[in-house]
Each structure stands twice: as structure tokens, then as C-alpha cells.
Amino acid sequence: MTELRTAVEMSDALRERTVSSAELLQTSFDTIDKTDPQVKAFVSYADRDLLLAQARQVDEQRAAGKELPRFAGVPIAIKDNIAVKGQPLTCGSRILENYVAPYTSTAAQRALDGGLLIVGKTNMDEFGFGSSTENSAFQPTRNPHALDRIPGGSSGGSAAAVATGMVPWALGTDTGGSVRQPAAMCGVVGFRPTYGRISRYGLVAFASSLDVIGPLAGTVEDAACLTEMIMGRDPRDSTSLPDRADLHSAPKKMRLGIPDEYMSEACQPEIQEAVQRAAQYARDLGWTVDRVSLPLTEYALYIYYVVASVEAASNLARYDGVKYGYRAAGAPNWDEMIDRSRTYGFGAEAKRRIMLGTFAASAGYQDKFYLNATKVRRKLSDEFAAAFRDFDVLLSPISPTTAWKIGEKIEDPMTMYLQDIYSVPAALAGIPALVIPSGTDNAGLPIGLQLSGPRGGDANVIAAGRALEKVLTPA
Amino acid sequence: MLSFDDVVARYEPVIGLETHVELGTQTKMFCGCPTVFGAEPNTQVCPVCLGLPGSLPVTNKAAIEATVRIGLALNCSIASWCRFARKNYFYPDMPKNFQISQYDEPLCSDGYLDVEVDGELFRIGIERVHLEEDTGKSLHVGGATGRIHGATESLVDFNRAGIPLVEIVTKPVPGIGARAPEVAKAYVAELRDVIRTLGVSDVKMEQGSMRCDVNTSLNKLGETWGTRTETKNVNSLRSVERSVRSEMIRQGNILENGGHIIQETRHFHEDTGESTSGRSKETATDYRYFPEPDLVPLAPDATWVKELKAALPELPRVHRARLTAEWGLSALDMQSILNAGAVELIEQTVAQGASPEAARKWWLGELSRHANERGIELGDSGVTPSQVAQLQKLVDEGKLTDKLARQVLEGVLAGEGDPAEVMAARGIEVVSDTGALTVAVDEAIAANPDIAEKIRGGNQAAAGVLIGAVMKTTRGQADAKTVRELVLSRLSN
């Protein structure tokens, strides 16, 4: 059996019946058994016998000539903040350590309807709070390219699972960069579609106005196919978009912009060189490439940490030990019970965000922090919209550095937050952004580049990524 | 100690009312769960109204429509664009520990409701009408009182969580002096009738589908408004009036003794008619309102709003004016009908064939007395308008006297069935057989020779004694008028 790396290759082989779903699944299990004890990408695995039975059923149906969805029988991993009925849903938090999802999210359901086999739930920073997956209450995930380094975060588990070939693709979630940054750190593709493109129903909320589900995959094509499988209007999510995006539109010549503010000295030189290299390839393709200025970029990080924390503090209020999740025993009254439950249940970073968000929305400070942040957020969106009148796609770094060492920044939250500087603007504007791998730095660590487009312009972003991927990551 | 009269002689009250109305939609505000009252605890719940991780709210259009109709009936402007907001506070019966409500962008604002007290018209300004979700209910077990104090366990029922709740807030109402308690009551009653007319809620205060908070402050005549208190848990029309009155007296006495009013929440106690202090402003929660990011903004279409406005039913005040004319009543008559909560009951009784006068006589007389004695609402006495109409028909047909009709009504009130059934079961009927009556009359004359002599002598007033005796022997079933005629004819020479 030749090595099948991408979901498209697997699907083709399954349909040509040169491989069975059971074999694919077994390969996935073998890779997990060999790799995951070191990488620690997963926090829970689905029942293997059950999965194999499902795979055999797919194989039998296909053998019987039954019409099946294109990707039926292909494995997938899902980040542990997306609900799959009967599977744990920990969100990387002790407060949900023993919580099992009683219903299935729309995204996971559509993956299941597409015949995908969910092999397990992947590790993450608690509730998405972090850029390194070190804030998982259970374990840090390791970067497959250098086990002493972080895989990025918060979807570090999903990125590592794809990078090691444990699964061809995975679902992650991106609130301020949590799909894109780990994709870059692990050398895979990560896509944050337009806000609302994929239903959030069943995605455990971090910051509702920013949260987006997105694929991590080996290729842009795989990312596009997975997005198509799960996107579209969902009556259970009123913020879901009514229209679908055509992610297989014909390639065209693009007008590419490179925002000056993303090319500062804060950015590692090899990453800046990678951007310039990509720009040159784009010119070679006959595209136009120009500089563009997005002056509000410098405020993005502040806006993000205010807005995201205000929403997070509110979204996390429900974890009180009354109905589900961890409840401290022996408390004399309800106030004490909730105090003790939350004190034990939440990690340091979750507590920091709750305090930050509570403060930024409190009486006397709301105008200064939260309301100002939402105003500037709107201006930032307008600034992007204006730029996209001149450009189809913006090209930029996604992270100022490649993967750092585990423990290096964990004691210094401000430095950690600064890592999100290139990923949060697109999230605040709700625009689609794709990360594709683009070689390595001098230490051999993967570099990722970000392509972003206007709100709803997912097709252009994917098309640009497909074109540049060919030259940036030769097979 | 100042009396109420003393207080209003020295101080001017300003009141304000916040009324919560549970909408009677089929499903909850943000999910598809049913809203039936009284189901087994935690049987009408789903991931959304339980606030389970990952669930999202979706707005119930029927609730938006009902709220817009309430707003239109209260002469409000309807927002062309507005958002829900999160009101953040921790409470065990709050599934998400925030309530989806509306803050600075209410769906309806700036309207009014006209109410009448003793023929005088008061225009109550409406500040806002907004929509929110209800909370669950806590139950404390193991203690003696059923309250949290002393309880060993608290249980939570989330059936009510997520039921759509409309909050109607008045503007401050100054300048009503001693009328404040009555105006407050009249406003809530009128609001209840408006909402009932719209058919969007059953507005039952005793079941909690309509709940009232009353704000009260006092100021010296001509001075700026005083510090207000908010009295919660005011759950009947009578309590609205009593709570305003008692709070005015309480505040008046504090001010008179040189004290200051503390801005606080107070809890009204139905049994004593007094309120006790709740939380003060110093310990008030900071709700940290911000726009609900899980819901798209509401943007009621102007044409749709226009259609809803055109389709509003005849509202109670207009309706009452029409009935007053149709029934040939004075404004005062209608006021007393309104005060008794009898408009609809009389209307239905008339629709069943009774004359307006007769219907009014029964509902304001016998039946009001009955309801008052038991401290219940007139409509809850157990007698239907149809039964009252049947009763009156039997009187009109001469099958019952007024007195007998009252006995029959007792039976109906006791749940013995329709008037005809009560008559049959109790053996009540007018004795019109003159033969049997003549015997009874002759017996009465024989037993009271002196009285008979007086009547023969021309003293007709003395006939009452003989009539009474006959009524006694016939167990009240004779027609008094017939008996009187018989007595006089037997004793006329």
C-alpha cells in the first residue's frame, strides 16, 4: 500500500477500492500508538472496536455499490471543544474533566453525515485561552518537528495530529488565531473561514463574536473539502451565514497586498523573507503585488484582549457546579460551592481572562474599555474592507516567530499575548484567513504564511492558497 | 406616627411600575421547548434552555410579534433595529449565569397608557417594553419554612427557564398625590386587560405570569424627587395598591423623623401588607450588560409593524366606552363594573341572553360579595357567565323568584351543576298551585286571628306577618306576590 497522506488521496483510493476504510483506520491507530505517547495530541480516543465496525460497514456498502459521500470512511480528529454525543468534551479544563457531551455539534454532525470516522478529541489550551497548548489542564502537546517545542495553540492537538499523519485532517477552532497559528507552527494548512460560515452550534463558546470552526489539513484542497462538507446555514445558529462559498472556483490572477504593519522588526527575519519569497512567486504567476498600510493594526491586540475576555468571562459563568462539570464537595452554601468549584476547576489563564473580562465590562470601566474596543473594532473592519477594494487577498506573516520552547513564555502572559499580533486582526474583522506552510527557518522549524480576504471572500483566499501552495510547498 | 392622610398632606409621591408578563407562546424564547405550566420538574428542557456547553439561542418570532403588539397597544415607537443584551449575574436557577435581556436598545419605547380612577383620566407614560428570558425556579427542602434558611438541600426546576418574559416599565408618575395607590392599581389592571385583549398572555398574577415591582419615592411639595425604593413580589392587584400605600406611610414617617430613605429593594409580604428590606444599592449587582453576541440584531420590518398595528383588536378603554353606550350606563356605573373586574363577565353573560341590567346585578351583587368574602377574583368564583344567564332566564320565565334564584346560585357556587340541575337536585321551584297556597294561607289566618283582624280593619301592612308564615310553611318556594294577593283577598269582606 502506497502511503496515502491527504484526505483526497484516501478518498480516491477508497473509491477505487485499492484501500479499505478499515485499513486506513488501522494505519491511523498505528500512527497514534507510535507517535502520540510522545506528542500527546489527543485527550481522548473513541472506542476503536466501534470505529472499526463503522469502517467495515462503509467498506461493505462501497463494495455493494452503494452511493456514499465522497469522503466516507476517512478518519478525522476533532478539537475537544466541539461536542460529539457520547464523547468527552473537556475543553482542556478540569471543570469539564468528566463531562460527556449529551448532543452533537452541527459541524461534527455534518462530518459524520459525510461518513468521516472521528478517532478522538484533541488537546487544547483551556477553553482556547493560549497560543501554545501549554494551558491544557491535562498535558502540554509537543511540536512533532521538535518535541521540546510548543505546537502552537490553542488547536495545538489538532495541528500536531495532522502534522504527524495520525489523521489526514482535523477540526480546530479559531477565536484569535487558534487554527492558523498552530498550523504554521506545525507546518500544516489551517483555514479560518468567514465568521458564520460554519455553524457554531455545539462549539463551546470562548468569545462568541470571534469563535470560528476551521479545518487543519495537509493541503489547501483538503481544507477546502472539509470546509465545504460542514459549512452552510444552520437554523440552530442565528449568526450562521445563509449562503455557501464556492471553494472550487476557477483560479485567476490576484491583486495581492502586503500590509506594512505586519512586516515590522518584531517579526523573525526568516519569516519576513518567506513573505517576500511568496510575493515573488505571486509576481511570477502574473499577479500584482503592492504594499498596503493598515494603521489600526497596532490596536488590534488591545481590542482583542478586551472583547474576547469580556465575552469569555460571561460565557464561562455557566460553569458553577450546579448542573454539570466539577462540583466541590462539602461547601456549606451555594456561594461557597461555586467559589470552590471554580477555584479548583479553572486554570490560571482562565482565571486571568475572567478577571480581565469582568473588569473591562464593569460599571465605570465599560465605556473606557469594552465600548471603546467595540468602536475601534468596527473601524478596523472598515479599514480591512477599504483595503479589499484594492486587493483580492492580503499576504502576511501569521506569527512573529516560529515555535518556541515549552515553558519559555508560560510565566509571562504579556509576551505570550504578543504572539497573537498578526492573527487577531482578521478574527476581529470576521474575515477569512488561510495559513499555508512555507518552508522552515534556520533551525528547521516550519514557517506559515497568512492569506486573508474580504468578509465572505473565502473563495479567493482558498484559490490564492491553492496557487501559492504549489510553489511554496513542493511535494 | 403619620397616617396616610398626614403623609399626603405633607409629601408628594412619585411612583413607577415595572411589570413582567410571561408570554403565552407555544415554545420558549430561544429554543423549541414547550411552555406548559405545572409540568413535572425539568421535563421541558433542552441543551439551549439548560445553557449546556456549546448550545446557542435562536429567537422565537412569535415572542417578538407579541412584544411588538404590546408596544403598539401602549402607543410605543417600535425600534427599527435593536439587540439583545446579556445581564450578567450568578444565581443557581440561572442556567448560564447570565440572562438574555435587552438593555439600552429596547424593542418598544416611549408610549403611554390611559387609565381612569373614579372618572378621572391619568396618562401613564411608558418608558420601554422589552423582551427577555425567564429564569428557573429554586426549591429549598429540609428546612421548616421552605425557604433557603435552614434548608439542607436546594433543588432547581428549569421548566420555566427560557420562557419569554416581557418587561413593561413606566416613566415616573408624579403629581397624583393621595391617588397614587389607586392609580398604581388601576394601571396594572388596565395593562392586564390590554394584554389579555391582545391574547398574548393569560396574565394570571396568582400563577406568576404577571408580576409587578413598584418604585416609590416621596418629596416635600415643590422640592426635587426623593430617593426611591423598589418593592418586589407584589403579586395581586390588591397588593399593588397596598404596597404603594404602606411604602408611602413608611417613607413619610422616616422623613418626618428626620431620617433618610435608603435606595434599596424591598420585599412585599402579602400576609402582613408590609415590606421588608432586601438588598441596598451599595451591594447591588453590577450586571455588566453587553450586546448578546450569539444573536443577530432584531430589525422589525416597518411594513410588518404597520400590519400588526392595523390588526390590533379594540382595546379595553374603547371597548368599555362602546359597552357603556350600548348598555345605557353612566360612566360611574362602568367604573364600578371595572373596579369589580366584571366587564368581560357581564359582556359574556349578556351575550348568553341576559339583559345588561340583570347581568350587572348578579355580578356586582351576589357574586362580588361571594368573591370578596373568599378573597378571590370575581372570575374565579366557579360560576360561568352562561350559568348566570340561565339563572336569569329562569327568573324571567317565572320559574324562580329572586330569593329562590339566590338559593340556586348557592348551589351553582357549591359546584352542584347548572341552575336547572341544582333546582332538580334541591327540589327548588316556585309554588304556583293556588289550591295548596290557599290552604297554607287559611292555616296562617287561623293561627294569627289578631293579625287577621287588623288586616280586616284595613291595616294592609300587617299582611307581612301572614306572608312570612306562609313562606315558612312552603319553605320559601311560594311567590310572595301571589301569597300577598291571596291573603288580602281572603281577608277582604
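Order of the sequence lines sets the chain letters (A, B, ...), proteins ahead of strands, with each chain counted from 1. Scope of the values below: all heavy atoms of this structure, side chains included, with no hydrogens, waters or symmetry mates.
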Is there side-chain contact between B:Leu52 and A:Pro102, with at least one heavy-atom pair below 4.5 Å? yes
For residues A:Phe127 and B:Pro53, determine if any side-chain heavy atom of one lies less than 4.5 Å from a side-chain heavy atom of the other. no
Rounded to the nearest 0.5 Å, what's the gap from [atom1] on [X] to [atom2] on [Y]? Could you check?
X	Y	atom1	atom2	value
B:Tyr289	A:Gln366	OH	CD	11.0 Å
A:Tyr103	B:Cys46	OH	SG	9.5 Å
B:Asn88	A:Thr358	CG	OG1	8.0 Å
A:Trp334	B:Tyr91	CH2	OH	8.5 Å
B:Cys31	A:Arg236	SG	CZ	10.0 Å
A:Glu311	B:Arg86	CD	CZ	7.0 Å

Contacting region of [X] [heavy-atom separation from chain B under 4.5 Å]:
X	value
A:Ala83	neither
A:Phe359	neither
A:Thr239	both
A:Tyr370	side chain
A:Leu371	neither
A:Tyr99	side chain

Which one, B:Asp294, B:Leu50, B:Val58, leads in non-hydrogen pairs under 4.5 Å with chain A? B:Asp294
Closest-packed option against chain A by number of heavy-atom pairs under 4.5 Å, given B:Phe158, B:Tyr287, B:Phe30, B:Phe90: B:Phe90
Nearest heavy-atom neighbours spanning B:Pro57 and A:Ser238: O-OG, 4.5 Å
Do you know which of A:Ser314, A:Gly321, A:Ala361 has the most heavy-atom pairs with chain B at a distance under 4.5 angstrom? A:Ser314
Highest number of heavy-atom pairs under 4.5 Å with chain B among A:Val310, A:Leu210, A:Leu96, A:Ile82 belongs to A:Val310
Verdict with reasoning, A:Ser362 to B:Arg288, per side-chain hydrogen bond (donor to acceptor under 3.5 Å, both in side chains): CA-CA 5 Å; A:Ser362 60; B:Arg288 294 180 286 117; over 6 Å; no
Please determine which of A:Leu316, A:Asp320, A:Asn315 meets the side-chain contact (heavy atoms from CB on, under 4.5 Å) test together with B:Asn97. A:Asp320
Examine whether an atom of B:Pro47 lies under 4.5 Å from a heavy atom of chain A, and if so say whether it belongs to the side chain, the backbone or both; otherwise answer neither. side chain
